[in-house]
Protein chains: 4
Amino acid sequence: MGNTLGKIFIVTGFGESHGDCMGAVVDGCPAGLPLSEADIQPEVERRRPGAAGTTERWEPDKVEIISGVYDGHTTGAPICLLSWNKDVDSGVYRKNRFALRPGHADYTAFVKYGGFNDFRGGGRFSGRITLAYVMVGAIAKKLIGRLGIEVFAHTVEIGGIKARAQELTAIRESARKNPLWCADREAAEKMARLIEKAREEKDSLGGIIEGIALNVPVGLGEPVFDNFDGELAEALFAIPAVKGVEFGAGFAVSDMKGSENNDLYDIKDGRIVTRTNNAGGVLGGISTGMPVVVRVAVKPTASIARSQETVDIQKMAKASLTVTGRHDTCIVPRAVPAVEAMMAVIICDFVLQAGLMPRVLS
Amino acid sequence: MGNTLGKIFIVTGFGESHGDCMGAVVDGCPAGLPLSEADIQPEVERRRPGAAGTTERWEPDKVEIISGVYDGHTTGAPICLLSWNKDVDSGVYRKNRFALRPGHADYTAFVKYGGFNDFRGGGRFSGRITLAYVMVGAIAKKLIGRLGIEVFAHTVEIGGIKARAQELTAIRESARKNPLWCADREAAEKMARLIEKAREEKDSLGGIIEGIALNVPVGLGEPVFDNFDGELAEALFAIPAVKGVEFGAGFAVSDMKGSENNDLYDIKDGRIVTRTNNAGGVLGGISTGMPVVVRVAVKPTASIARSQETVDIQKMAKASLTVTGRHDTCIVPRAVPAVEAMMAVIICDFVLQAGLMPRVLS
Amino acid sequence: MGNTLGKIFIVTGFGESHGDCMGAVVDGCPAGLPLSEADIQPEVERRRPGAAGTTERWEPDKVEIISGVYDGHTTGAPICLLSWNKDVDSGVYRKNRFALRPGHADYTAFVKYGGFNDFRGGGRFSGRITLAYVMVGAIAKKLIGRLGIEVFAHTVEIGGIKARAQELTAIRESARKNPLWCADREAAEKMARLIEKAREEKDSLGGIIEGIALNVPVGLGEPVFDNFDGELAEALFAIPAVKGVEFGAGFAVSDMKGSENNDLYDIKDGRIVTRTNNAGGVLGGISTGMPVVVRVAVKPTASIARSQETVDIQKMAKASLTVTGRHDTCIVPRAVPAVEAMMAVIICDFVLQAGLMPRVLS
Amino acid sequence: MGNTLGKIFIVTGFGESHGDCMGAVVDGCPAGLPLSEADIQPEVERRRPGAAGTTERWEPDKVEIISGVYDGHTTGAPICLLSWNKDVDSGVYRKNRFALRPGHADYTAFVKYGGFNDFRGGGRFSGRITLAYVMVGAIAKKLIGRLGIEVFAHTVEIGGIKARAQELTAIRESARKNPLWCADREAAEKMARLIEKAREEKDSLGGIIEGIALNVPVGLGEPVFDNFDGELAEALFAIPAVKGVEFGAGFAVSDMKGSENNDLYDIKDGRIVTRTNNAGGVLGGISTGMPVVVRVAVKPTASIARSQETVDIQKMAKASLTVTGRHDTCIVPRAVPAVEAMMAVIICDFVLQAGLMPRVLS
């Protein structure tokens with residue numbers, strides 16, 4: 001359990017890092033959406049390694065749709081998406097199977113599943129599961145795009161280097177111009193150098209990603225428990241390595257006064273807007289119609305090529321471990337498409353729950 | 001929809017700030033738990049106003065159990081908890097009905113519910129809904145207490161004033177000693193003065209609450225979507241005014257290296273532990289057995305007694321508004337029991353999902 | 001758990017036969033529906049005893065709405081409905097607490113809840129829980145009535161006496177004319193006499209109820225698991241004493257040929273219809289637009305005033321028991337409104353899931 | 001939506017009759033269960049055609065496990081099961097695409113999905129979806145088998161020919177001895193002749209299947225809505241062609257008196273049992289520990305090789321249609337394994353919900 005998400009647009013993931021495949025089933029997609037692998041592959045490509053400090057594992061990540069689409073359109077039946085794993089090298093994982101890798105889910109998974117978990121490459125806990133998120137997110141993006149909703153994310157901080165604030169529309173363009181998905185070119189260059197340095201030092205870096213959704217209609221989200229922000233947060237915590245989620249002013253509200261933090265209402269082009277957006281597009285658990293702005297904290301990659309002290313869970317004895325294998329020095333850029341995907345999936349589900357999109361598209 | 005939470009321990013809330021009552025139904029509570037109003041009332045009392053700068057609305061908040069308990073024990077049937085509203089004064093809300101209060105859910109609720117929402121005192125969007133959370137949380141706390149799990153929360157920041165870090169066990173005791181639930185007495189005094197000052201300035205303050213759970217068993221939480229951290233985050237975002245949630249090192253991971261952030265494993269008293277707890281008790285979406293440490297950002301009270309520019313949604317015209325009524329200058333301390341409650345509810349549900357507690361207690 | 005039903009129109013029941021009250025929370029009702037107790041009370045009255053052979057327990061069954069309605073309209077917030085129990089006489093239940101009443105849930109509930117279940121009057125397992133169904137069903141009926149959907153049920157068999165088949169529209173009128181809700185007056189009179197005879201013989205009778213829904217739009221229901229028929233069946237099995245559910249030709253299909261059972265398509269008034277309705281309005285788990293016709297088998301009242309051999313579960317010894325208390329000789333007529341209610345609730349939920357009703361009514 | 005079933009043992013189906021594959025994801029299977037394709041293939045074989053009057057489509061139905069199993073055991077991660085379709089011949093379906101086949105879901109699916117549904121061979125509405133049920137059921141059977149629970153089904157009626165009643169244990173053995181899964185050999189022979197005759201007449205036959213579960217623990221099922229019988233009924237209605245579900249005495253209760261229908265309690269081998277089992281193993285929505293006995297009515301195959309009058313939905317005009325393609329004259333025997341599968345899946349889910357099986361097996 002725990003591998004299904006959503007109420008109307010329902011995603012069920014499966015697959016392991018070193019198993020046969022990564023996959024997902026999307027149930028509840030309206031019928032009549034033109035869809036083929038060509039709609040999904042580009043999103044998947046954005047997630048693939050390539051920038052400095054990314055893994056050397058080279059997977060084709062070729063998406064296959066094996067159900068739910070006929071004659072170029074979604075049929076209303078569940079859509080199963082698959083990507084077969086090809087470049088699997090599990091030897092090193094077998095060798096160190098019982099030495100718990102610090103910062104990974106080895107220990108918690110071992111206890112939860114009694115040691116039966118597929119430990120190879122982290123198995124179901126690998127960052128590779130975001131491949132399935134991105135596949136599904138591509139469908140969600142296409143759906144909500146029909147309502148003009150646009151989702152994008154960008155790197156705002158890596159290793160303490162912060163990107164300079166910019167207009168949302170500028171971000172959208174600029175972020176696509178470098179492999180770090182950072183809209184501030186200068187910051188991106190510094191980040192790249194820092195990543196290279198960390199790689200040389202056999203260390204790793206964390207950062208912050210900001211997700212933005214434009215043209216989200218007012219009224220999405222269900223108070224009090226299935227909040228727009230709460231559901232989004234839960235989905236974002238499903239991305240491995242995320243340790244925090246904040247909306248709008250976020251944690252900065254602790255040092256703000258009500259008179260500063262309140263977003264005053266105004267009328268613009270006949271619509272009610274707020275002059276500021278400290279709320280990040282959510283009030284009372286419901287979308288405000290202003291841009292949704294959410295930031296997620298991504299921890300530094302747990303796999304580092306240094307010797308770390310740990311415990312061998314089989315021997316119940318201290319051990320030391322140098323995590324080898326193929327890893328990203330900084331996972332932040334590769335998590336950017338995953339943030340977009342999860343945002344798109346949640347927004348899509350809320351749109352369908354609210355009855356804002358017909359169940360048959362034409 | 002949106003008023004039900006949980007998979008086995010299922011909470012359904014109802015009630016409005018100025019309606020007849022606040023209430024909740026708890027379904028899935030194991031049978032045989034000794035339970036009476038006396039178990040719940042003390043938690044409710046902790047939530048009541050009293051400290052400097054808290055609301056003048058004076059509700060008895062007397063809990064009634066109207067189903068699910070017989071002969072002093074839970075029966076396995078759903079438990080309905082009620083607290084009748086007594087001190088309701090809705091005149092001012094009627095008068096300003098269409099002037100959108102900045103920072104409140106007036107606008108989003110108006111659009112979502114077509115103006116039919118009960119606007120009096122914020123209706124279903126009032127902070128008063130946390131009364132129901134606290135009632136339910138009292139049951140959850142009692143249940144998980146049987147496994148030795150303990151949940152407490154404390155104020156770590158108000159208006160920029162930070163409480164000094166302390167041992168978790170020291171916090172538990174100290175936080176109960178002042179009405180701000182701040183474990184650092186000096187900081188608490190400064191916070192109290194700042195709140196008083198803000199009240200005089202007709203302004204309000206935000207802050208940060210830290211929730212802690214001790215003795216949580218290893219293995220709670222379902223990857224990849226029904227994560228321990230994700231579910232907890234969603235529940236915490238259900239507390240009005242929460243704008244961010246982080247675990248362990250949280251957003252600070254953006255400036256940490258893997259070698260700093262990784263919690264190294266060790267053996268202590270025959271158990272596997274980590275030397276540090278940057279993970280905040282969660283790895284891979286599963287509890288680690290280390291203390292769960294989560295922080296939530298609480299925005300400054302939206303109701304401030306200053307004139308604010310806004311929009312009259314009926315006239316679709318600019319307006320100005322001074323929010324009167326009875327409000328807390330800083331809601332942070334009164335949200336502390338709500339944070340505890342939501343943590344207890346989620347942990348209780350996971351404990352039951354994991355089959356760690358029998359369905360009949362004895 | 002198990003007390004919540006529905007995906008968008010979500011019902012949560014609570015209350016016990018001899019507890020404080022029977023109640024339910026309806027979440028997901030669109031905002032803007034004119035609603036007061038006066039909409040619900042008449043449905044509740046239809047369920048009250050009165051006909052020959054019905055219980056002597058005389059409850060006022062007065063409905064109270066304690067949340068979710070403001071200014072005469074639903075607000076979009078959860079609606080809590082209550083009816084306080086008044087005429088409770090639990091002495092006899094306490095006396096025979098451990099002697100398992102044959103045909104009742106005493107044994108299963110005792111085991112499931114370790115003897116902590118509220119056994120008085122069957123507690124949560126009493127037929128009295130259908131009071132909550134009927135309260136909620138009144139709201140659902142009103143909602144789907146806005147789309148022209150009409151739901152009614154009638155008694156088609158009691159104690160082997162079958163009502164003569166009639167046109168659906170004739171049934172609607174005739175069934176309301178006698179307290180047995182049987183559209184065939186002659187059969188109704190025979191049924192009444194048989195019930196009286198069974199009462200004298202200290203025995204009880206079962207029967208069959210047929211539920212009908214007219215003007216259900218084509219396309220409700222989700223294949224393959226959340227079927228229109230499957231969800232309806234599950235909801236109908238929630239009515240105590242139901243032992244079977246069949247649609248259209250039902251069990252008679254076992255002796256039909258495909259050429260007899262297939263409903264041939266035709267065009268009538270520009271709409272596609274079927275000439276017969278052996279399908280009972282459901283094909284492939286989806287509503288066909290033809291009348292929904294479902295029959296439920298209701299077992300004879302388990303409480304009979306004869307001595308029955310049984311077991312004392314405390315002593316684990318054979319015992320004999322004469323069930324006293326106040327009971328219906330034949331529960332069938334009083335289950336008729338419950339059948340309607342559950343049909344209305346499920347249809348209402350499907351209508352909302354399908355996006356066929358706006359979330360704000362006007 | 002609608003393709004996911006279960007609360008802890010969660011099944012998500014996908015695939016179409018003439019698409020690439022039939023498949024399912026099982027989430028929530030405890031870790032540590034020894035599992036390979038060899039556990040599943042025999043159940044799938046039982047569902048394959050072969051008896052007189054079964055389809056000529058010859059699919060290998062070879063099961064592949066593509067996730068969730070490592071080193072011969074389940075890992076706790078979701079298990080994806082696939083069977084690739086090989087013998088697809090869709091020409092005839094394309095030709096008659098718009099002529100609605102009577103008794104099939106063509107019309108309802110066309111309306112629900114706006115004509116985008118994969119119509120080939122019925123697409124998602126084909127009886128072939130039970131292949132996925134049977135695959136998943138094999139896992140559920142293996143799991144509940146560890147608690148000694150045994151599920152089997154048999155044909156009790158075809159075309160009006162009834163199998164003679166027998167002891168449950170005799171049924172288990174005898175039913176496996178003929179391709180009709182009928183425990184009464186003489187009846188089976190008559191049924192076979194009747195099927196052959198119907199095939200010659202280009203007609204089809206319906207029937208009744210009885211499902212039995214032995215050694216089900218007392219206490220499964222959640223009142224009032226997630227009943228043991230209600231959930232089972234819903235799952236059985238997910239089998240195409242099922243038009244009725246009854247437990248124990250079922251519809252016969254309408255002609256029984258309470259004194260006849262009540263199952264009297266007794267003590268046997270220190271356990272509480274009932275002398276009769278009119279309840280079919282369920283009281284108050286909870287399993288009684290007696291054998292679960294459920295019967296499902298299966299309609300005659302809708303596809304018959306005779307000319308039938310119908311409507312062409314594209315032209316909105318009357319049409320006549322002779323359904324060709326490859327079909328079973330009587331689907332009843334091939335539905336027997338599907339009945340077992342759905343029973344096993346639901347019982348397995350309830351066992352896990354009740355905490356009766358550890359999440360890690362050893």
* **A:S67 side chain reached by D:R124 side chain, heavy atoms, under 4.5 Å** => no

* Structure fact -> Of the listed D:G28, D:C29, D:G32, the one with the largest count of heavy-atom pairs under 4.5 Å with chain A is D:G32

* Asked: Which of the residues A:G114, A:G13, A:C80 is involved in the greatest number of heavy-atom pairs with chain D at under 4.5 angstrom?
  -> A:C80

* Side chain, backbone, both or neither of A:Y70 within contact of chain D (heavy atoms, under 4.5 Å) -> side chain

* Residues of residues 345-362 of chain A with any heavy atom under 4.5 Å of a heavy atom in chain D -> A:R359, A:V360, A:L361

* Provide the closest heavy-atom pair for A:A77 versus D:E16 in the form atom of the first, atom of the second, distance. => CB-OE2, 3.7 Å

* Looking at D:G19, D:G23, D:G68, which makes the most heavy-atom pairs under 4.5 Å with chain A? -> D:G68

* To do: Determine the minimum heavy-atom distance between A:L82 and D:I66, stating which atoms define it.
  => CD2-CD1, 3.9 Å

* Asked: Of the non-hydrogen atoms in D:F14 and A:V25, which two are nearest, and what is the gap between them?
  -> CD2-CG2, 3.7 Å

* Structure fact -> Okay, D:I10 and chain A: the region with an atom under 4.5 Å from a heavy atom over there is side chain

* To do: Counting only heavy atoms closer than 4.5 Å, note whether D:F9 contacts chain A via side chain, backbone, both or neither.
  => neither

* Test item: D:D27 side-chain N/O and A:N3 main-chain N/O as donor-acceptor pair under 3.5 Å -> yes

